[in-house]
Amino acid sequence: MNVLKRGALTWLAVMSGLLAHVAVAADTRPEHWAATWAQSLQQGVRAQNITIKDQTVRQMLNVSIGGTRLRIHISNEYGANPLNLAAASIAIANEDQVINPDATVKPATVKPGTFVKLTFGGSAEVIVPPGAQIVSDPVDWKFTALQGIAVSLFFRDATSLSTYHLEDRRSYERRGYPRASEESLVGAVVSTEGDFTEAASMPIAPTRIYPPFLSAIDVVAPEKTRVVVCLCATKSEGPDMWPNFLRDRISPPAGGGIAVINEAQSAGTLSLYRPAGTAITRFDRDVLGVAGVTDVLLGPGLASNDVNMPGMNGQRAGDAMTNGAIIFGIRQIIERAHAAGIKVIGTTLLPFEGVLRPGYATPEHMEKRDAINQWIRTSGAFDGLVDFDAVVRDPADPERLLPRYDGGNHFEASEAGMRAMAAAVARYLAKSVSHSNVQ
Amino acid sequence: MTKSVLVVGTLLAALVLSNAIPALAANGEHWAATWTAALQGAPPTKTTVENQTVRQTVKISIGGSQFRVWLSNEYGEKPLLIGAATMGLSDEQGPIGNFARITFDGNGKVVIPPGVRMVSDPISIKANALQNLVVSLYFPDETPLATFHSEDVRGSSPRAHLASGASISSEGNFTASTNMPAAVLPAKTHVYPPFLAAIDTMAPKSTRVVVILGDTKSEGPGFWPNYLRDRLAKRGVAIANMSQYAGTLTLYQPFGTGLTRFDRDVLGVSGVTDVFLFNGSNDINMPGMFGRRSGDVIPNEDIELAIRQVVTRAHAAGLRVIGATLIPFEGVLRPGYASPDHMQRRDELNAWIRKTKPFDALVDFDEVVRDPSDPERLLPAFDVGNHFTPSTGGEKALADAIDIKLFR
């Protein structure tokens with residue numbers, strides 16, 4: 001796929017032989033960009049029917065790998081109207097501001113003097129057409145791996161926050177964060193009236209929002225940088241989930257400098273229909289569209305939700321999927337990744353016996369999980385495998401999570417379980433050959 | 001015996017424990033697109049089939065002996081049931097038999113969920129470069145042809161008669177029949193080819209796959225991408241034409257723009273290595289037309305930003321971008337099209353392209369087909385007659401202006 005890197009010499013040789021009406025840009029070897037952060041955007045589920053005007057949205061996040069040159073992606077994918085972004089900035093977040101268990105508003109403060117304005121084609125303002133995303137101009141700005149960053153977006157006009165990343169707030173509560181309320185800081189906050197894109201602290205409106213529009217942050221990185229996209233579901237969405245622990249381990253230079261990109265969707269499915277899309281419908285955008293992607297890790301929750309969700313969350317029980325259909329979906333993902341030269345890491349599905357929700361942990365569902373896991377382990381369809389099931393199940397009762405790895409609801413791992421899962425992925429990545437999409 | 005079983009068992013266990021399952025050995029080949037179509041769902045077609053076969057003939061670019069097809073239900077509201085599908089060879093007279101079944105995970109039947117496109121199992125067929133392939137799809141249930149490739153079949157279009165379209169059978173599954181009885185359709189019905197998004201073939205990993213991201217001026221038979229395909233196919237370079245009739249780069253269209261369809265129509269193309277951008281003309285000329293408000297004018301700065309976005313996104317995926325200047329249109333009769341303002345904006349955009357060199361390589365289409373003594377017009381010999389579409393000679397000149405060395 002990567003013809004740009006096939007050797008500058010050949011390229012120059014080609015160029016010198018061109019006909020008169022073919023001109024060539026002076027710099028034919030662009031800098032290499034790698035994603036360092038992303039979130040999967042959606043619409044439809046718990047639709048965000050919130051309109052803001054003359055207000056600033058600030059999203060707090062931790063990047064994966066560090067660097068000295070960065071750009072952001074702004075998406076209006078689900079907007080019905082052009083999105084007019086009037087100003088945008090990034091800044092270094094104050095340490096305790098990013099997903100802080102004790103944070104009750106006021107926060108979203110940043111280190112003064114660390115602001116840098118973002119521009120789009122040289123302009124501070126940009127109109128993002130409906131359905132499109134726009135990448136900002138690159139900006140020189142130094143940040144470290146795992147850096148806490150605040151991205152501030154100012155909207156002068158009335159703006160519907162219709163393209164957003166759905167956060168599973170239940171998981172915050174389960175994990176001991178303050179009960180979801182208007183006072184708790186989650187991923188993003190919105191200011192009272194005004195442009196606060198260059199204000200260290202900003203007055204926060206009581207409106208609770210899901211983080212809108214920001215879809216990715218890229219950094220200039222060495223060409224060999226490995227970018228692992230976690231294409232995942234609920235069990236990976238949000239803070240203190242295994243992708244974050246994985247990022248903390250392997251993104252710093254000492255850990256390998258590997259970018260971990262979490263494209264998880266709450267209640268995401270592999271191919272079971274849902275209005276917000278499935279792993280298959282969002283594959284082009286959430287995998288192929290990630291700068292510098294080299295690997296996709298197919299998270300355990302997607303196929304798990306295909307097994308467990310029919311009959312739940314408004315799904316009709318009649319929508320049940322056979323294992324053949326679920327495995328077919330996995331194969332489709334593998335084919336599409338391979339068509340783009342991307343390696344696919346499979347993961348086994350976690351046990352869920354004991355889940356109280358009616359219809360979830362049925363003997364039939366448990367049997368289906370076992371059969372899918374058997375296929376994942378033995379089919380040879382993946383480029384690599386991380387056996388999450390083997391990591392977190394109770395050896396004495398393999399349909400259940402090991403008690404200390406049980407988050408309490410019997411289908412999500414505890415923090416210790418999440419850390420054990422992250423360690424298993426890190427071990428796999430350390431062992432597998434570093435590859436890029438250069439074939 | 002016992003011992004060797006144990007050894008094998010240990011090896012298997014070691015494989016599982018190391019969490020590493022080796023993929024099939026790379027043999028120097030991979031899937032590369034040899035034909036594609038940009039699909040859309042708007043404006044909706046009224047054509048619906050039931051217990052009928054829909055047949056489409058396409059000319060591939062590079063040849064091979066293993067193929068697979070991509071079928072899309074992207075704009076369908078309901079699951080799409082395909083009861084049977086085949087691929088066969090076709091010559092100028094029509095299908096010549098040798099139908100191979102298209103299967104999905106071994107099944108001849110497939111249900112494609114709304115919003116999804118699916119890739120078939122590999123199909124063993126030997127086909128040369130530039131071979132016509134015929135793809136037949138049988139729909140047992142009532143099926144609106146909701147996801148389709150739009151073709152320029154307006155009466156005023158100089159090449160409307162070349163549009164390939166699709167044919168619909170009378171009742172029955174004719175996926176394995178050379179002769180397919182035609183359905184009785186209302187007069188002048190043109191069936192936009194539905195559901196078929198792409199055909200891949202197994203090709204050397206070094207194969208270049210060039211996606212054309214264009215508009216009306218690149219869509220359909222008789223336009224320059226097909227002449228380029230004919231030149232390059234025997235050299236093993238694949239052309240994947242993702243141009244859209246009435247397509248734009250960033251001016252809103254209900255069926256998407258170059259920017260909105262980039263992920264699917266560029267990054268989603270198997271083995272893509274290059275993007276050829278010849279687009280932006282409609283962004284200048286279309287506001288105020290086709291029911292648009294004149295107030296929808298897209299300034300050149302926005303078109304330039306969109307061009308840079310395409311380059312940025314292509315580079316992020318390691319693709320090379322070849323771009324072209326916009327060709328002249330003075331003399332077009334449609335009111336508001338060839339206004340002095342539009343002509344000036346084309347000149348300015350071309351000047352910006354030549355000066356800032358946003359692409360990895362530029363092919364100066366304007367220079368190829370304009371009249372040197374009247375540079376706002378097509379050279380008379382290269383003008384099909386409507387003053388904005390090149391003649392066959394002009395289209396060939398555009399294709400010939402592209403240096404084959406670019407694709408080595």
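Naming convention: chains lettered A, B, ... in sequence-line order (proteins, then strands); numbering from 1 in each chain. What you see is a predicted model; the values in this text were computed from it and never measured.
Contacts between R68(B) and chain A at a heavy-atom distance below 4.5 Å involve the side chain alone, from C-beta outward. If you measure heavy-atom distances from F262(B) to chain A, you find no contacts under 4.5 Å at all. Looking at R313(B), only its side chain comes within 4.5 Å of chain A, counting heavy atoms on both sides. For P129(A), the part lying under 4.5 angstrom from a heavy atom of chain B is the side chain only. Contacts of P79(B) with chain A are absent, with no heavy-atom separation under 4.5 Å from either backbone or side chain.
I280(A) approaches R117(B) most closely through the heavy-atom pair CG2-O, 4.3 Å.
Summarising the geometry, atom CG belonging to D137(A) is positioned 8.0 Å from atom CG belonging to L305(B); distances are rounded to the nearest 0.5 Å. In this structure, CD in Q332(A) is found 8.0 Å from CG in D105(B), a value given to the nearest 0.5 Å. Taking CZ from R336(A) and CG from L267(B), the interatomic distance works out to 11.5 Å, rounded to the nearest 0.5 Å. Rounding to the nearest 0.5 angstrom, the gap separating the CZ atom in F120(A) from the CD atom in Q309(B) is 8.5 Å.
By the 4.5 Å heavy-atom criterion applied to side chains, F328(A) and V110(B) are counted as neighbours. Within the 4.5 Å cutoff, the side chain of D263(B) has heavy atoms near those of the Q133(A) side chain.
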